[in-house]
Amino acid sequence: MDFAKGLPRRSILQAGLVAAGASAFVPTRFAIGNTAKVKVGFLLPYTGTYAGLGEAITNGFKLAIEERGGKLGGRDIQFVAVDDESNPAKGPENTSKLVSGENVDFVVGPVHSGVALGMVKVVRETGTIAVIANAGAGAATGPLCAPNIFRTSFTNWQTAYPMGKVAVERGLKNVVTISWKYAAGEEALSGFEAGFTKAGGKVVKQILVPFPSDEFQANLTEIAALKPDGVFTFFAGAGALKFVKDYAAAGLKSIPLMGPGFLTDGVLKAQGEAAEGVLTTLHYADALDTPENKSFRAAYAKAFGKEADVYAVQGYDSAQLLVQGMAAVKGDTSAKPALIEAMEKSVIKSPRGTFTLSKAHNPVQDIYLRQVKGGQEIVLGVAEKGLADPATGCKMA
Ligand code: PHB
């Protein structure tokens, strides 16, 4: 199988992906009939703190396609990838490289909420179908929602709000929140705070650090001085790995650490002892005991030689969504209203559990409560069943 084996960007591009701007000859799509390849453009980070996330999404996507015959709607696929560097300033330009430069049929990505807002701006103008495979920015399925914008991941609110009630139930009354200062962090912290204050808790201090800084010493000293009952945090990727290790090293482990599950997903092994006891909410957990999850995890480990995580699941489900849409129109991407309608109605048998999409095109999904015990992510239960984002401000045209 021609998979990108989880290697640096150059290797990923060699493994069947073409860097945007690098191909000299771009066939005119339907001018040469339905046999032309479908172009899927990945707008993902392949460098920086979120590099591992971009790689997992790419791998998961390709695995689902490979398992379903390697095609979309009967057509072969050409993958094109742009390293978005998790740089919001380059979001519109990098999206345009795929949409205008490469004429892709679909954009898949990004990871970073700031990049997503730039992408949304461009695809709202061009009408290109986009599948957000991670970024949780509420606006993309809120005020900026559109018929051609879909999300297979979550909103930042969805992964954080349920923890508010859980924290109060566990006797935590005064909590410090800490994250990176950008949409994802701020939305996760405010989502938690909404659930937490509703249940009777109080956020005593919110700390925001610049993205993607991982210098947390001064913040950890401040938290130690504040002596809260608990700490709620959003960090992901390399930043999450570092934060959890630094938190333990600073001697703060007696203060319960909570967050959306990105805090441990994909980095749990590397965090080692430091992650013990960390309590998280997320729409996925490695240990989910379903046939879909078991076969997905086995196939992923076999293909890529590493464990799947939530990002791999989101890549996998992004492909499933396109498979269902493209099957309905038999590969005819020009039948856009029918394609969009089929995508809207799709039922995704995900490793996370079966989900459907809300009117705003965001997953309606269970949010699991998880805790690290003995180095394993244990599922304690379902924190919220069938949780839909409120999608405030979404008016579909
Ligand atoms: C985001 O920027 O929306 C984001 C990034 C990484 C995550 C989750 C959300 O793990």
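Order of appearance sets the numbers: ligands from 1, and atoms from 1 within every ligand.
Legend: disulfide (SG to SG under 2.5 Å) pairs involving residues 215-298, not counting sequence neighbours: none detected. Screening residues 198-208 for salt bridge (Lys or Arg N to Asp or Glu O under 4.0 Å) gives Lys205-Glu222 as the qualifying pairs, with residues at least two apart or on separate chains.
Heavy-atom contacts from other residues, nucleotides or ligands closer than 6.0 Å to CD of Glu273 number 12 or fewer.
Applying the side chain to side chain donor-acceptor pair (under 3.5 Å) test to Asp309 and every residue at least two apart in sequence or in another chain returns nothing.
Aromatic ring centres of His112 and Tyr182 lie closer together than 6.0 Å. Side-chain rings of Tyr316 and Phe296 approach one another, their centers coming within less than 6.0 Å.
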May I have a table of the N/O to N/O pairs between ligand 1 and the protein that fall below 3.5 Å, each row giving the two atom names and the distance to 0.1 Å?
unit_1   : atom_1 : unit_2 : atom_2 : d
ligand 1 : 2 (O)  : Val111 : O      : 3.3
ligand 1 : 2 (O)  : Ser113 : N      : 2.7
ligand 1 : 2 (O)  : Tyr182 : OH     : 2.5
ligand 1 : 3 (O)  : Ser113 : OG     : 2.6
ligand 1 : 3 (O)  : Gly136 : N      : 2.9
ligand 1 : 10 (O) : Tyr311 : OH     : 2.8

